[in-house]
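Inspection log for the structure reproduced underneath, given as structure tokens.
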Amino acid sequence: MTVTTSTAYSRDMGDELRRLRQRFTGLRGRAMALQLGWDPSKVSNLEHGKIKGTDIDLAQYLTVCGKDIDYFEDFLRRYHNAFDPYLAQAPDSLRTLEMTEAMATGITAYDVLTVNSLLRTPKYARAVQAATGQPIEDLDRQAVMRRPNGPKCVFYLHELALRMRLGDDQVMEEQFVWLLANSSVVRIVPEEAASAAFQSACTLFEFEKASPLVHVESGLARVFAQGEAAVERSRKLFDLLEDVALDENQSRRKLAEYRGPTPLRALVKTQ
């Protein structure tokens, strides 16, 4: 057992162990510890991704859960890099991202060509999928935005994304309406801030009891970066965006310009 800094993926893998325990043993954490001859804190820390279990630890745990050698070897292969400060996943893998969003106390994002997935309407999401070929992300993730005591969010959005027409006029109209309804967390980066357009889209997640991390996605991979250098670069990017972005009222007016002359009652009806 190694004590180390938890990562998004170590927490995901730890949660997988917790779900296996609950599903296949019916044991609570303390009872599982008794079964294994461990201190209860070891089970808790392993399931929360706070400690790196040894091969023997994992073999014992998974055996109690009734898992065979094939499952153990697959789990061990995935677990091997769970505590790495940089991790790449397939673009259609969402569990680690969903857990990260649910745990975050702060989410700061920058998007250049499309609206952030946490702010997309269903039709806009399908239009993005049609244009890029990327899988449609689960819009149920947006529930994190409606949680009581949810994360403090700021979404920087380059004006290029507003100009990028995806789907028909109705798709864009509904998306602009939704952005206006959430304009308190949206900051538009104006078109004249050309240098910002060359910056990579990314999201900085911050937590109450875990190290911050940066998430970047493309059509090829999702990357979770917890290294100090990556986090520091993202903070510098968001400092830059804070300097050039429109404020809340200016951003709302800019969104209204793109939305066009549709009556305000459409906004009320959509909400």
Side-chain angles (χ1 to χ4, degrees), residues 1-105 135 137-138 140-141 143-144 203-218 220-231:
M1 177 183 68
T2 303
V3 179
T4 187
T5 301
S6 71
T7 67
Y9 196 44
S10 75
R11 294 188 287 270
D12 185 355
M13 296 294 288
D15 191 64
E16 182 175 334
L17 291 174
R18 177 190 63 79
R19 289 183 289 114
L20 288 172
R21 167 177 60 79
Q22 293 177 337
R23 180 179 178 185
F24 293 105
T25 74
L27 298 174
R28 299 178 70 86
R30 187 171 293 275
M32 183 71 164
L34 183 64
Q35 180 84 4
L36 290 165
W38 295 356
D39 186 279
S41 65
K42 180 175 177 177
V43 171
S44 176
N45 288 333
L46 187 67
E47 292 181 351
H48 284 86
K50 294 180 179 180
I51 59 173
K52 187 173 184 178
T54 66
D55 292 3
I56 294 175
D57 290 335
L58 298 172
Q60 291 176 330
Y61 191 105
L62 293 172
T63 297
V64 172
C65 293
K67 299 288 106 178
D68 60 19
I69 187 64
D70 290 336
Y71 190 99
F72 168 71
E73 289 180 347
D74 175 70
F75 186 91
L76 197 63
R77 175 185 57 78
R78 292 182 287 125
Y79 192 80
H80 179 72
N81 300 112
F83 288 83
D84 290 354
Y86 293 86
L87 173 77
Q89 291 185 330
D92 58 351
S93 179
L94 281 174
R95 244 192 67 82
T96 304
L97 177 60
E98 289 170 347
M99 284 193 63
T100 299
E101 290 169 339
M103 180 181 171
T105 56
E137 297 182 354
D138 185 0
D140 288 343
R141 291 169 40 228
V144 72
T203 303
L204 174 66
F205 293 99
E206 297 180 275
F207 312 94
E208 183 178 359
K209 296 181 179 180
S211 301
L213 66 87
V214 181
H215 172 254
V216 180
E217 61 182 284
S218 71
L220 299 177
R222 295 183 180 278
V223 177
F224 294 85
Q226 199 163 301
E228 291 184 7
V231 172

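Model, not experiment: these values are computed from the prediction. Atom set for the values below is all heavy atoms of this structure, side chains included, hydrogens, waters and symmetry mates excluded.
Listed here is the closest heavy atom pair of L58 and G53: CD1-O, 4.3 Å. Residues L46 and Y61 approach most closely at CD2-CD1, 4.1 Å, considering heavy atoms. S6 and G49 make their closest contact through CB-O, 3.1 Å (heavy atoms, listed as atom of the first residue, atom of the second, distance). Taking all atoms of both residues into account, the shortest heavy-atom contact from S218 to P91 is O-CB, 3.9 Å. Residues A8 and T100 approach most closely at CB-OG1, 3.5 Å, considering heavy atoms. Shown here for E101 and F205, the closest heavy-atom pair between the two residues is CG-CE2, 3.7 Å.
To the nearest 0.5 Å, atoms CD (E16) and CZ (F75) are separated by 5.0 Å. Once rounded to the nearest 0.5 Å, the distance linking CE of M13 with NE2 of H80 reads 12.0 Å. Atom CE in M32 sits 11.5 Å away from atom NZ in K42 (nearest 0.5 Å). To the nearest 0.5 angstrom, E228 atom CD is 8.5 Å from S211 atom OG. Distance check: L87 CG to R222 CZ gives 12.0 Å after rounding to the nearest 0.5 Å.
Taking 4.5 Å as the limit, every side-chain heavy atom of F72 sits out of range of all side-chain heavy atoms of T63. Two residues are said to be in side-chain contact when any heavy atoms from C-beta on lie closer than 4.5 Å; Q89 and L97 fail this criterion. Two residues are said to be in side-chain contact when any heavy atoms from C-beta on lie closer than 4.5 Å; E98 and D138 meet this criterion. Between L34 and L27, the closest side-chain pair of non-hydrogen atoms is not below 4.5 Å.
Other residues, nucleotides and ligands contribute more than 12 heavy atoms inside 6.0 Å of the CD1 atom of I69. Within a 6.0 Å radius of CZ in R19, other residues, nucleotides and ligands contribute more than 12 heavy atoms. When the shell of 6.0 Å around CZ of R95 is examined, it contains more than 12 heavy atoms from other residues, nucleotides or ligands.
Side-chain N or O atoms of T25 include none that pairs as donor or acceptor with a backbone N or O of C65 at under 3.5 Å. With D12 contributing its side chain and Y9 its backbone, the two residues share no donor-acceptor pair below 3.5 Å. Of the possible donor and acceptor atoms, none in the side chain of R11 sits under 3.5 Å from a partner among the backbone N and O of H48. The backbone N or O of L62 lies less than 3.5 Å from no partner atom in the side chain of Y71, so there is not a single donor-acceptor pair.
When V216, L213, T7 are each tested for a side-chain contact (heavy atoms from CB on, under 4.5 Å) with F224, only one passes: L213. Exactly one of R21, R18, Q22 qualifies for a side-chain hydrogen bond (donor to acceptor under 3.5 Å, both in side chains) with E47. That residue is R21.
Q226 and T5 are not linked by any side-chain donor-acceptor pair at a separation below 3.5 angstrom, with hydrogens and angles left out of the test.
A salt bridge links R78 and D74; the closest N-O separation between the charged side-chain nitrogens and carboxylate oxygens is under 4.0 Å.
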